[in-house]
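First comes the structure, then the notes that go with it.
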Amino acid sequence: KGNVQAFKKANISIDNISYRYEGEQADALHQLSLSIPFGQKLALLGKSGAGKSTLIQLLQGAIQPTSGGILINGHSPIEYGDQIYDIVGVLNQKPYLFATTVENNIRLGNQQATTAEIETVMKQVKLDQYMNSLPNGLQTQMEETGQRFSGGERQRIALARILLKDTPIVILDEPTIGLDPVVEYELIETILTSLQDKTVIWITHHLIGIEQMDQILFL
């Protein structure tokens, strides 16, 4: 498989796609067309069942459109195989963090990363001071259920992993759901600042930070 660094930019072209789940009477997504040039920030709003999750699966190549086409840099997501994970990163509501050290969890983004690179992404996600205050620093164990870390901190660790992976496209799937409003506001600021040079597709159900988006789409 190609080097992680092989995909620096990515343009998305969505041409009149529809998707219908097997056995359903109606399309989950119906005739959606959208152009997302590299670096653009797009917010996707819509109630449950509006097709937001379907769109994520289509962008990751997990499913193919029933009709129409999606292209990332001129190729269908499914053509990339596992390399799609070098192009599209996802920060979702409950990121999976393994029962190992914080450093190992972040390093999943790029096994070849240097300690300096890990420290850089920790600064970007504003966790450096907190981690330095812990007796074992980056060697602190996550613990399987992550009781040691709050929801906001867990999201920051997952975000650091995505930054280390350095995918040109990052999908935010309601990553701040269930967080205290102040924590949520600060986390959104951190996410959008740290991803300013990437394409961001942000699925959300409310409007904090929405003014920083280039496009807003209601599904």
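Index from 1, following the sequence.
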*Please check if the side chain of Arg20 supplies one atom and the backbone of Thr66 the other of a donor-acceptor pair under 3.5 Å.*
no
*Point-to-point distance, once rounded to the nearest 0.5 Å, from CG of Asn16 to CG of Leu34*: 12.0 Å
*asked:* Looking at Gly61, is its backbone amide N or carbonyl O close enough to the side chain of Tyr80 to form a donor-acceptor pair, meaning the two atoms are under 3.5 Å apart?
replied: no
_Tell me whether Ser150 contacts the main-chain N or O of Glu153 through its side chain, where contact means a donor paired with an acceptor under 3.5 Å._
yes
*About how many Å separate CZ of Arg107 and OG1 of Thr100, when rounded to the nearest 0.5 Å?*
11.0 Å
*Measure from the side-chain N and O atoms of Arg156 to the backbone N and O of Val125, and report whether any donor-acceptor pair falls under 3.5 Å.*
yes
_So which atom in Met213 and which in Leu42 form the shortest heavy-atom distance, rounded to 0.1 Å?_
SD-C, 3.8 Å
*So, Ser18 side chain and Gln31 main chain: donor-acceptor pair closer than 3.5 Å or not?*
yes
*Go through the steps for Ile14 and Ser33 under the test side-chain contact (heavy atoms from CB on, under 4.5 Å), then give the verdict.*
CA-CA 5 Å; Ile14 296 175; Ser33 290; 5.7 Å; no
*Search all heavy atoms of Thr199 against all heavy atoms of Ala10 and return the closest pair with its distance.*
OG1-O, 3.8 Å
*Would you sort out whether Met142 and Phe98 count as a side-chain contact (heavy atoms from CB on, under 4.5 Å), showing the intermediate values?*
CA-CA 7 Å; Met142 277 305 311; Phe98 295 88; over 6 Å; no
*Atom pair CE (Met131) and CG (Leu138), whose distance is rounded to the nearest 0.5 Å*: 5.0 Å
*Mind checking what makes side-chain contact (heavy atoms from CB on, under 4.5 Å) contact with Gln139, not counting sequence neighbours?*
Thr101, Glu103, Asn136
_Ile72 to Leu59 - nearest heavy-atom pair and separation_ = CD1-O, 3.7 Å
_Check: Thr193 side chain, Thr190 main-chain N or O, donor-acceptor pair, under 3.5 Å_ = no
_Heavy-atom check, side chain of Ile70 versus side chain of Ser76, under 4.5 Å_ = no
*Heavy-atom pair of closest approach, residues Pro65 and Leu58*: N-CD2, 3.4 Å
_So, applying side-chain contact (heavy atoms from CB on, under 4.5 Å) with Leu164, which one of Gln112, Gln111, Glu117, Gln124 is it?_
Glu117
*Under the side-chain contact (heavy atoms from CB on, under 4.5 Å) criterion, do Asn110 and Lys165 qualify, and how do the steps go?*
CA-CA 5 Å; Asn110 177 3; Lys165 183 89 175 172; 5.8 Å; no
*How many angstroms lie between atom CD of Gln129 and atom CE of Met122, to the nearest 0.5 angstrom?*
11.5 Å
*Answer whether the closest heavy-atom distance between the side chains of Asp82 and Tyr85 falls below 4.5 Å.*
yes
*Under 4.5 Å between side-chain heavy atoms, hopping through other hydrophobics if needed: is there a path connecting Leu192 to Ile210?*
yes
_Nearest heavy-atom neighbours spanning Gln60 and Val88_ = CG-CG1, 4.3 Å
*Gln141 vs Val102 side-chain heavy atoms within contact, under 4.5 Å*: no
*Sub-3.5 Å donor-acceptor pair from the side chain of Gln155 to the main-chain atoms of Asn92, do we have one?*
yes
*asked:* For the backbone of Lys94 and the side chain of Arg154, can you confirm whether one donor and one acceptor N or O come within less than 3.5 Å of each other?
replied: no
*Are side-chain heavy atoms of Ile201 and Ile12 found at a separation under 4.5 Å?*
yes
*Work out which heavy atom in Thr54 is nearest to a heavy atom in Ala28; give both atom names and the distance.*
OG1-CB, 3.8 Å
*Would you say the side chain of Lys52 lies within less than 4.5 Å of the side chain of Ile56, judging by non-hydrogen atoms?*
no
*Indicate, with yes or no, if Leu134 and Ile157 share a hydrophobic cluster defined by side-chain heavy-atom contacts under 4.5 Å among Ile, Leu, Val, Met, Phe, Trp and Tyr.*
yes
*Side-chain donor/acceptor of Asp214 to backbone N/O of Lys41, under 3.5 Å*: yes
Please tabulate, for side-chain N and O atoms in residues 175-189, each donor-acceptor pair with protein atoms closer than 3.5 Å (sequence neighbours left out).
unit_1, atom_1, unit_2, atom_2, d
Thr176, OG1, Glu184, OE2, 2.8
Asp180, OD1, Val182, N, 2.9
Asp180, OD1, Val183, N, 3.2
Glu184, OE2, His206, NE2, 2.8
Glu189, OE2, Gln212, NE2, 3.0

_Salt-bridge criterion met for Lys198 and Asp166 (N-O under 4.0 Å)_ = yes
*Tell me whether Tyr130 is reachable from Ile191 by hopping between hydrophobic residues (I, L, V, M, F, W, Y) whose side-chain heavy atoms are closer than 4.5 Å.*
yes
*Which pairs with one or both residues in residues 12-42 pass ring pair (Phe, Tyr, Trp, His ring centres under 6.0 Å), sequence neighbours excluded?*
Tyr19-Tyr21
*Is there a side-chain contact between Pro168 and Ile87 (heavy atoms, below 4.5 Å)?*
yes
*Below 4.5 Å, heavy atoms only, C-beta onward: do Leu172 and Val200 meet side chain to side chain?*
yes
*So do the side chains of Asn73 and Asn11 get within less than 4.5 Å of each other, counting heavy atoms only?*
yes
_Using 0.5 Å steps for rounding, measure from the CG atom of Leu32 to the CG atom of Leu219._
6.5 Å
_Value rounded to 0.5 Å, distance of OG in Ser67 from CG in Asp27_ = 7.0 Å
_Just to verify, which of Ile203, Ile17, Leu217 counts as forming a side-chain contact (heavy atoms from CB on, under 4.5 Å) with Leu55?_
Ile17
*Quick one: does Asn132's side chain have a donor or acceptor within less than 3.5 Å of a partner on Asp128's backbone?*
yes
